[in-house]
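Below is one structure, written out as structure tokens, with a few remarks after it.
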Amino acid sequence: MNARRLLVIPALAALLTGCGIRATEVPTDFGAAPSRVPCSLTEQDLTTQSSHGVPVQVFLLCGSSLVTVDRSVRVPDGTADAKRRVIVAQGLLDQLAETPSASEKEAGYTTYVRGGMSVSGPRPKDPEDTLRLSTAPDRLTSYALAQIVCTFSDSAAAEGDGSVILGGPGSAPLRRYECTDDVRSRPGSSEPPSSEVTAG
């Protein structure tokens, strides 16, 4: 009986040892690496998007936040400042409405600004830095409004203080909108804070 037990013990030990798995010896295959890091563009992509005209930046949606991408706007030499602001604003609006390039789509970029919108300068009693959209700001989606406000307020179309005065085609009061960190990080749930502007 003792001899049998002596034979069983080594056999059992060998069996238990054979069940063990050594992590260093087991290859793991999680598939190919992603072809592009989300919300990032290559140097070639950036050069292609901003190769003609005055370099500018616009805010597109990527993931759940607003991210800047390089673009360009054509402005004729010698354009007066007041007219230049409107030309830049229209160029920015057009760029926002453009369908993102194939590489931008692949990286996760999208836009909620629709084409066909125009922008004009101030009316006689408006503050001089007013921009009036052909679609009233309160008729835009929260994403589109955030894109426009952040793009305009960070450009030559505004005064450069992180805000922009916007109005629509009607007689509704003008409002000064701000592009805050919350708006950039959560454009769908945080609309740009604004305050009413009294016409002169």
Specify the closest pair of heavy atoms between [X] and [Y], including all atoms of both residues, with the distance to one decimal.
X      : Y      : answer
Cys62  : Ala107 : SG-O, 3.7 Å
Ser185 : Ser65  : O-CB, 3.7 Å
Ala158 : Ser153 : CB-CA, 4.0 Å
Pro100 : Thr111 : CD-CG2, 4.2 Å

Is it possible for you to say whether [X] and [Y] belong to one hydrophobic cluster, with membership spreading through side-chain heavy-atom contacts below 4.5 Å?
X      : Y      : answer
Val149 : Val56  : yes
Val113 : Leu131 : yes
Phe59  : Val69  : no
Leu96  : Ile87  : yes
Val164 : Met117 : yes

So how far is it from [X] [atom1] to [Y] [atom2], rounded to the nearest 0.5 Å?
X      : Y      : atom1 : atom2 : answer
Thr141 : Glu191 : OG1   : CD    : 9.0 Å
Thr130 : Leu166 : OG1   : CG    : 8.5 Å
Gln90  : Ser134 : CD    : OG    : 8.0 Å
Gln95  : Ser72  : CD    : OG    : 6.0 Å
Leu93  : Thr135 : CG    : OG1   : 9.0 Å
Leu66  : Cys179 : CG    : SG    : 7.0 Å

Can you find a heavy atom in the side chain of [X] that is under 4.5 Å from one in the side chain of [Y]?
X      : Y      : result
Pro137 : Tyr177 : yes
Leu60  : Val67  : no
Thr180 : Pro193 : yes
Tyr109 : Leu61  : no
Lys125 : Leu174 : no

- Message: Checking side-chain contact (heavy atoms from CB on, under 4.5 Å) between Leu145 and each of Cys150, Pro192, Pro187, which is the one that passes?
- Response: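 Only match with Leu145 under side-chain contact (heavy atoms from CB on, under 4.5 Å): Pro192.
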- Using the side-chain contact (heavy atoms from CB on, under 4.5 Å) rule, take Thr99 and Lys105 through it: C-alpha gap first, then chi angles, then the decisive distance, then the call. CA-CA 9 Å; Thr99 301; Lys105 284 183 179 179; 3.4 Å; yes
- Are Arg175 and Asp138 ion-paired here, with the side-chain N under 4.0 Å from a carboxylate O?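 Judged by the 4.0 Å cut-off on N to carboxylate O distance, Arg175 and Asp138 do not form a salt bridge.
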- Query: Looking at Arg184 and Asp181, does any basic side-chain N land under 4.0 Å from a carboxylate oxygen?
  - Reply: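 Yes, Arg184 and Asp181 are salt-bridged.
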Where the side chain of [X] meets the backbone of [Y], is there a donor-acceptor pair that is under 3.5 Å apart?
X      : Y      : value
Glu104 : Ser101 : yes
Arg132 : Ser120 : no
Arg85  : Asp129 : yes
Asp94  : Gly91  : no

- Query: Under 3.5 Å, is there a donor-acceptor pair linking the side chains of Gln57 and Ser155?
  - Reply: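 Their side chains do not contain a donor-acceptor pair, so the 3.5 Å distance test is not met.
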- Query: Between the side chains of Arg176 and Ser163, does any donor sit under 3.5 Å from an acceptor?
  - Reply: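 Per modelled atom types, Arg176 and Ser163 side chains form a pair under 3.5 Å.
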- Item | Verdict with supporting geometry, Thr79 and Arg84, side chain to side chain donor-acceptor pair (under 3.5 Å) | CA-CA 6 Å; Thr79 303; Arg84 180 186 178 87; 5.8 Å; no
- What do you reckon, is CG of Asp81 surrounded by more than 12 foreign heavy atoms closer than 6.0 Å?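 No, not enclosed.
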